[in-house]
Every structure is written in C-alpha cells, then in structure tokens.
Amino acid sequence: MCIRDSNVPNVQETPPYDVFLHPIVSSGQLGEFTDNMAYVRGVNWFLVGPESDVDALPLACNRAVVAHEFAHAISFHSDPTPRFPSDDVIAIDEGFADVIGAGVTSSATSIRATFRDGTRDLNVARVDERTLLPHERGAVLASVFWAYRGALISGSLPIDEANDAMVRLALETLLTFRDDTAPLLLDFVVRAIEIAPE
C-alpha cells in the first residue's frame, strides 16, 4: 500500500531524512544500540545499528522493520505535538508501526525473520499482558488490527484490499485519536471500533 494513496486526511508527507549505518550512539533511552533500528523524531534520522545475529535477515533488508520505522516518521509528521511519553503513548506508536509493517508485507510474522522471540507474531490473539515493554504492549494493539484484516478476508475481501483497509483504519484512528492528550491503549482500540466501516 502507498500511504499517499490511502485518501486519509491529514497524513503529512515526510521531509527528506538521513540514514546512519552503525552509528555510535550514547543514549540512556536507546541503550546499547545493536540489533536495532530507530527513527529519531525532530531531526528526521533513521539509525541502523550493527547486528550480532548474522544468520537473521538484516534489519535494513526486512521490509516490515523498515516500514515500522517509517511509520514512526508518518506518525510524528502528521502530528508533531509533543506528548508526555507515557507507557500507553509509546505502546500506541509501536503498535501503529507494527500494523503498517504488517500491511506493507502482508505478513503477521515478517518481523520474526529478524526478531525470533515470537513476541511480535500478530497471529497471536493477545491481551494486555502485564508488561511495560512498549513493543510487547504495542503487539497487543497490532494483533487487534490484524484480526480485523482477517475478518475482512473471511468476508471475501481480497488480501491486498484487506491490507489496505487495515492500514487505512490504523491511520484514521491515529489521526483522529490525537485529540486526546493522555491516550490509553484501550481507548485507541475503542476509537478504531467506532470508526471502522460496517
């Protein structure tokens, strides 16, 4: 899916960005920056860290991971309003990014080609497990959208159209949900249900 062709109002074009391969990063937030990619808000940078698992698909070759990071850029440029980085705000951003990655690749497990721990398999129906890890909490959200995609396919919608519909719903939810200054993960799901087509 091309985000530009999604016909979702208020999705902003991202300006040109710089990509840094194997940067030396000193950050308490990022920790040891290996086996990771990151989008840095404000400066529009993508960082690609060195990798220790030479048998896995390199991050920069994993379309789901690249789309995930690009989704962070879409999110930021569509509404760069600073927000208190609560656990739920971060989890929503990570879950949204996983939805975009899954929609681009049409796969619930393509991130696993790089990260093999299984926590990012969107086929797994998840509940909000008692974890503060933003990617795991985001996977709770992303698995709901993946289930929505599955329901569309079960209703005879072609796979490509179901992928597009899932991504469109995630974008619309994100952009209408930004009105809430202290969003909660559950509220995001409720908003998606409210605006989902019948």
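Rounding to the nearest 0.5 Å gives a distance of 8.0 Å between CG of Leu122 and CE of Met166. For the atom pair Thr173 OG1 and Ile92 CD1, the distance stands at 10.5 Å (nearest 0.5 Å). Atom CZ of residue Arg191 and atom CD of residue Glu172 lie 12.0 Å apart, to the nearest 0.5 angstrom. With rounding to the nearest 0.5 angstrom, the CG atom of Asp164 is 7.0 Å from the CG atom of Asp160.
Scanning for side chain to side chain contact (heavy atoms under 4.5 Å, CB included) contacts around Ile159 gives Ser106, Arg149, Ile153, Asn163, with sequence neighbours left out. Not counting sequence neighbours, the partners of Phe188 by the ring pair (Phe, Tyr, Trp, His ring centres under 6.0 Å) test are Phe177. For Val66, the side chain to side chain contact (heavy atoms under 4.5 Å, CB included) test picks out Met37, with sequence neighbours left out. In this structure, the side chain to side chain contact (heavy atoms under 4.5 Å, CB included) partners of Pro23, at least two apart in sequence or on a different chain, are Phe20, Val25, Phe33, Leu47. Residues satisfying the ring pair (Phe, Tyr, Trp, His ring centres under 6.0 Å) criterion with Tyr39, sequence neighbours excluded, are Phe46.
Of all heavy-atom pairs spanning Asn62 and Ala64, the tightest one is OD1-N, 3.0 Å. The two residues Asp98 and Ala142 come nearest to each other via the heavy atoms CB-CB, 3.7 Å. Between Tyr148 and Ala196, the closest heavy-atom pair is CE1-CB, 4.3 Å. Of all heavy-atom pairs between Ala192 and Phe145, the closest is CB-CZ, 3.7 Å.
No single ILVMFWY cluster, assembled from side-chain heavy atoms under 4.5 Å apart, contains both Val89 and Val190. Under the 4.5 Å side-chain contact rule for hydrophobic residues, Val99 and Ile193 share a cluster.
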Inset, instruction - Evaluate the criterion side chain to side chain contact (heavy atoms under 4.5 Å, CB included) for residue pair Ile74 and Leu171; output intermediate values, then yes/no. - result: CA-CA 9 Å; Ile74 292 170; Leu171 283 166; 4.1 Å; yes
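By the 4.5 Å heavy-atom criterion applied to side chains, Ile100 and Val167 are counted as neighbours. Using a 4.5 Å heavy-atom threshold, the side chains of Glu94 and Leu141 count as separate. Residues Phe70 and Val104 are not in side-chain contact: their nearest non-hydrogen atoms beyond the backbone lie 4.5 Å or more apart.
Of the possible polar contacts, none joining the Ser75 side chain to the Ala71 backbone as a donor-acceptor pair under 3.5 Å is found. Looking only at distances, no side-chain donor or acceptor of Asp93 sits under 3.5 Å from a matching main-chain atom of His72.
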